[in-house]
**Student:** 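Pasting in a structure now, in structure tokens, and then I'll have a few things to ask.
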Amino acid sequence: QGFGSIRYRVTLNMKGTTDYVKGNLHRLQIPNIFRDTNDNLVDFLDLRLKNITHKVNKNGWSTELDFEQDEISIVGVP
């Protein structure tokens, strides 16, 4: 794990929807999965919606949402 790199990526599949906007931040609440910068477990994390894919087939319409954590930058103080 390097500084400034993405730590979390999440893909969610759901029934077809147009309720989400690419680029927005969303709070995902998944207990016992996410960790903060101090490596402590947290119940939620704010992730950015990076991609939306819609699929239509004989089973209906589905939407896939791809989320990524924003890169964390650490700036040194002289």
**Student:** Compare every heavy atom of Glu64 with every heavy atom of Asn13, then report the nearest pair and how far apart it is.
**Tutor:**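 Shortest heavy-atom contact: OD1-OE1, 3.2 Å.
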**Student:** Return the set of residues passing ring-ring contact (aromatic ring centres under 6.0 Å, His included) with His26 (not counting sequence neighbours), or none when no residue passes.
**Tutor:**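 By the ring-ring contact (aromatic ring centres under 6.0 Å, His included) rule, His26 matches Tyr20, Phe67.
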**Student:** Check the pair Leu28 / Leu45 against side chain to side chain contact (heavy atoms under 4.5 Å, CB included), numbers first and verdict last.
**Tutor:** CA-CA 5 Å; Leu28 300 185; Leu45 201 60; 5.7 Å; no
**Student:** Apart from Leu25 itself, which Ile, Leu, Val, Met, Phe, Trp or Tyr residues share its cluster (side-chain heavy atoms under 4.5 Å, direct or through members)?
**Tutor:**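 Answer for Leu25: none, a lone residue.
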**Student:** Who are the side chain to side chain donor-acceptor pair (under 3.5 Å) partners of Glu68, not counting sequence neighbours?
**Tutor:**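 With neighbours one apart ignored, the set is Arg9.
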**Student:** Considering residues at least two apart in sequence or located in another chain, which fulfil the side chain to side chain donor-acceptor pair (under 3.5 Å) criterion with Asp46?
**Tutor:**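 Expected list: Arg27.
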**Student:** Which donor-acceptor pairs under 3.5 Å do the side chains of residues 29-36 make with protein atoms, sequence neighbours left out?
**Tutor:**
| unit_1 | atom_1 | unit_2 | atom_2 | d |
| --- | --- | --- | --- | --- |
| Arg35 | NH1 | Asp39 | O | 2.8 |
| Asp36 | OD1 | Asn38 | N | 2.9 |
| Asp36 | OD1 | Asp39 | N | 3.1 |
| Asp36 | OD1 | Asn40 | N | 2.8 |

**Student:** Just to verify, what does Thr11 make a side chain to side chain donor-acceptor pair (under 3.5 Å) with, not counting sequence neighbours?
**Tutor:**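 Scan of Thr11 (side chain to side chain donor-acceptor pair (under 3.5 Å), adjacent residues dropped) gives Asp66.
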**Student:** So, do Asn24 and Arg48 sit near enough that their side-chain heavy atoms are less than 4.5 Å apart?
**Tutor:**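 Not touching, per the 4.5 Å side-chain cut-off.
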**Student:** With sequence neighbours left out, what residues match Thr17 under side chain to side chain donor-acceptor pair (under 3.5 Å)?
**Tutor:**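 Listed in chain order: Asp19.
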**Student:** In the hydrophobic clustering (ILVMFWY, side-chain contacts below 4.5 Å, transitive), which residues join Phe44, or is it alone?
**Tutor:**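 When side chains under 4.5 Å apart are linked, Phe44 ends up in no cluster with other residues.
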**Student:** Side-chain donor-acceptor contacts of residues 52-61 below 3.5 Å, not counting sequence neighbours, with atom names and distances?
**Tutor:**
| unit_1 | atom_1 | unit_2 | atom_2 | d |
| --- | --- | --- | --- | --- |
| His54 | ND1 | Trp61 | NE1 | 3.2 |
| His54 | ND1 | Thr63 | OG1 | 3.1 |
| Asn57 | OD1 | Asn59 | N | 2.8 |
| Asn57 | OD1 | Gly60 | N | 3.4 |

